[in-house]
Chemist: 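What follows is a single structure, and I will ask about it in a moment.
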Amino acid sequence: MRDNKLTIQINKPVSKVFAFTITPPNSTLWINSIDKEETNEWPIRVGTIYKLQDNKGEYSEVIVTAIKENKSVEWVSKNKNYHCRYTYRSIDKNTSELEYYEWIDGGELEEPFSLEILEKLKSVLESS
């Protein structure tokens with residue numbers, strides 16, 4: 001698989017979904033494989049580096065390549081092969097849609113996201 005696109009509706013305003021998903025260390029609350037998340041600066045902007053540690057103790061970095069508040073954020077891996085974009089849409093004042101899209105330029109996605117991961121995000125956000 002070279003790309004993977006998933007969509008989920010979340011019963012929270014788009015501004016809350018956006019803020020939660022870009023703020024470290026929140027990914028540790030909904031992505032089981034991530035144990036640690038930090039950025040080199042805050043607030044984030046194009047060029048911000050996210051440093052992630054997985055549950056095997058291995059580190060990786062992704063760099064913000066585009067960001068539009070409450071609309072989208074995109075990252076690329078340090079080697080520029082892996083890309084990930086979150087697109088946010090407001091359905092109404094209390095409901096949002098998050099589209100998760102990841103792709104790779106060469107090779108195959110090693111661990112593509114599953115809908116189960118986004119369902120955990122939905123659960124964490126809706127219970128807060």
Chemist: State the CG-CG distance between Asn79 and Asp105, to the nearest 0.5 angstrom.
Modeler: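 Taking CG in Asn79 and CG in Asp105, the distance rounds to 9.0 Å.
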Chemist: Check the surroundings of atom CD in Glu126: do more than 12 heavy atoms from other residues, nucleotides or ligands lie under 6.0 Å from it?
Modeler: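 It does: Glu126 CD has more than 12 such atoms within range.
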Chemist: Taking side chain to side chain contact (heavy atoms under 4.5 Å, CB included) as the criterion, tell me which of Val46, Val62, Thr65 meets it with Glu74.
Modeler: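 In the set Val46, Val62, Thr65, the residue that makes a side chain to side chain contact (heavy atoms under 4.5 Å, CB included) with Glu74 is Thr65.
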Chemist: May I ask whether Val73 and Trp30 are part of the same hydrophobic cluster, defined by side-chain heavy atoms of I, L, V, M, F, W, Y residues being less than 4.5 angstrom apart, directly or through others?
Modeler: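 Val73 and Trp30: one cluster.
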Chemist: Does Thr95 use its side chain to pair, donor to acceptor, with the backbone of Ile91 at less than 3.5 Å?
Modeler: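 Pair absent, no side-chain N/O of Thr95 close to backbone of Ile91.
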Chemist: Between the side chains of Thr48 and Glu41, does any donor sit under 3.5 Å from an acceptor?
Modeler: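 Distance-only check passes for Thr48 and Glu41.
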Chemist: Give a yes or no on whether the backbone of Pro112 and the side-chain of Asn4 come within a donor-acceptor separation of less than 3.5 Å.
Modeler: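 No; zero donor-acceptor contacts below 3.5 Å.
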Chemist: Give a yes or no answer on whether the side chain of Arg89 reaches the backbone of Ser96 with a donor-acceptor pair at less than 3.5 Å.
Modeler: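 Flag not set: sc Arg89 to bb Ser96 has no pair under 3.5 Å.
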Chemist: Could you go through the side chain to side chain contact (heavy atoms under 4.5 Å, CB included) check for Glu37 and Lys51 one step at a time?
Modeler: CA-CA 6 Å; Glu37 174 191 42; Lys51 187 173 183 181; over 6 Å; no
Chemist: Below 4.5 Å, heavy atoms only, C-beta onward: do Leu98 and Thr7 meet side chain to side chain?
Modeler: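 When only atoms from C-beta onward are counted, Thr7 and Leu98 do not touch, as no gap falls below 4.5 Å.
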Chemist: Side chains of Thr23 and Asn26: any donor to acceptor distance under 3.5 Å?
Modeler: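 Asn26 vs Thr23: no donor-acceptor pair found between side chains.
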Chemist: Which atom names give the shortest non-hydrogen contact between Asn70 and Ser15, and what distance separates them?
Modeler: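 Closest heavy-atom pair between Asn70 and Ser15: OD1-CA, 3.3 Å.
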Chemist: For a quick test of reading the model, state the closest non-hydrogen atom pair linking Leu109 to Glu102 and the distance between them.
Modeler: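 That closest heavy-atom pairing would be CD1-CG, 3.9 Å.
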Chemist: Please check if the side chain of Ser128 supplies one atom and the backbone of Leu125 the other of a donor-acceptor pair under 3.5 Å.
Modeler: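 Side chain of Ser128 to backbone of Leu125: a pair is present.
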Chemist: As an exercise, state the distance from OG of Ser27 to CG of Asp35, rounded to the nearest 0.5 Å.
Modeler: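 Between Ser27 OG and Asp35 CG, I get 10.0 Å after rounding to 0.5 Å.
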Chemist: Working to the nearest 0.5 Å, report the span between OG of Ser60 and CG of Asp54.
Modeler: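 Here the rounded value is 7.0 Å.
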Chemist: What pair of heavy atoms forms the shortest contact from Gln53 to Tyr59, and how long is it?
Modeler: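 Reported closest heavy-atom pair: OE1-OH, 3.3 Å.
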Chemist: Please give me the minimum heavy-atom distance between Pro24 and Thr39, naming the atom from each residue.
Modeler: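 Minimum heavy-atom separation between Pro24 and Thr39: CG-CG2, 3.5 Å.
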Chemist: In this structure, would Leu29 and Ile44 fall into the same cluster of hydrophobic residues linked by side-chain contacts under 4.5 Å?
Modeler: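 Per the 4.5 Å side-chain linkage, Leu29 and Ile44 are co-clustered.
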Chemist: Are Glu38 and Leu52 packed together at the side-chain level, in the sense that at least one heavy-atom pair is separated by less than 4.5 angstrom?
Modeler: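 When only atoms from C-beta onward are counted, Leu52 and Glu38 do not touch, as no gap falls below 4.5 Å.
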Chemist: Of all the heavy-atom pairs spanning Arg45 and Val64, show the shortest one and how long it is.
Modeler: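 Of all heavy-atom pairs spanning Arg45 and Val64, the closest is O-CB, 3.4 Å.
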Chemist: Do the non-hydrogen side-chain atoms of Tyr50 and Glu61 ever get within less than 4.5 Å of each other?
Modeler: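 When only atoms from C-beta onward are counted, Glu61 and Tyr50 do not touch, as no gap falls below 4.5 Å.
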Chemist: Can you tell me how far apart OG (Ser90) and NZ (Lys93) are? Round to the nearest 0.5 Å.
Modeler: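 Spacing of OG (Ser90) from NZ (Lys93) equals 11.0 Å.
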Chemist: With a 4.5 Å cut-off on side-chain heavy atoms, are Leu121 and Ile10 touching?
Modeler: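 Yes, close enough: below the 4.5 Å cut-off.
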Chemist: Parallel, tilted or perpendicular: which one describes the rings of His83 and Trp103, with boundaries at 30° and 60°?
Modeler: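 Ring orientation, 0 to 90° scale: parallel.
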Chemist: Answer with yes or no whether the hydrophobic clustering places Ile31 together with Tyr101; edges join I, L, V, M, F, W, Y residues whose side-chain heavy atoms lie under 4.5 Å apart.
Modeler: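 Ile31 and Tyr101: separate clusters.
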Chemist: Counting only heavy atoms from other residues, nucleotides and ligands, does the tally under 6.0 Å from NZ of Lys36 exceed 12?
Modeler: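 No, because the 6.0 Å sphere around NZ of Lys36 holds 12 heavy atoms or fewer from other groups.
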Chemist: Is the shortest heavy-atom distance from the side chain of Leu115 to the side chain of Glu119 under 4.5 Å?
Modeler: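 Touching, per the 4.5 Å side-chain cut-off.
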Chemist: Keeping Asn40 on the side-chain end and Ile49 on the backbone end, is there a donor-acceptor pair under 3.5 Å?
Modeler: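 Side chain of Asn40 to backbone of Ile49: a pair is present.
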Chemist: Salt-bridged, Glu97 to Lys12, with N to O below 4.0 Å?
Modeler: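 Judged by the 4.0 Å cut-off on N to carboxylate O distance, Glu97 and Lys12 do not form a salt bridge.
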Chemist: In terms of ring plane angle, is the pair Tyr100 and Tyr86 parallel, tilted or perpendicular, where the classes change at 30° and 60°?
Modeler: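 Rings of Tyr100 and Tyr86: tilted, 30 to 60°.
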Chemist: Do Lys71 and Tyr88 form a cation-pi contact, if we require the NZ or CZ to be under 6.0 Å from the six-membered ring centre and within 45 degrees of the ring's axis?
Modeler: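 No; the conditions do not both hold, so Lys71 does not lie above the ring face of Tyr88.
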Chemist: Verify the cluster assignment for Val14 and Phe20: are they in a single hydrophobic cluster under the rule of side-chain heavy atoms below 4.5 Å apart?
Modeler: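 Hydrophobic grouping puts Val14 with Phe20.
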Chemist: Group every Ile, Leu, Val, Met, Phe, Trp and Tyr by side-chain heavy-atom contacts under 4.5 Å, then state whether Ile63 and Trp42 land in the same group.
Modeler: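 Different clusters: Ile63 never reaches Trp42 through Ile, Leu, Val, Met, Phe, Trp or Tyr contacts under 4.5 Å.
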Chemist: Are any non-hydrogen side-chain atoms of Tyr82 and Val76 less than 4.5 angstrom apart?
Modeler: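 Heavy-atom side-chain distance check fails, nothing below 4.5 Å.
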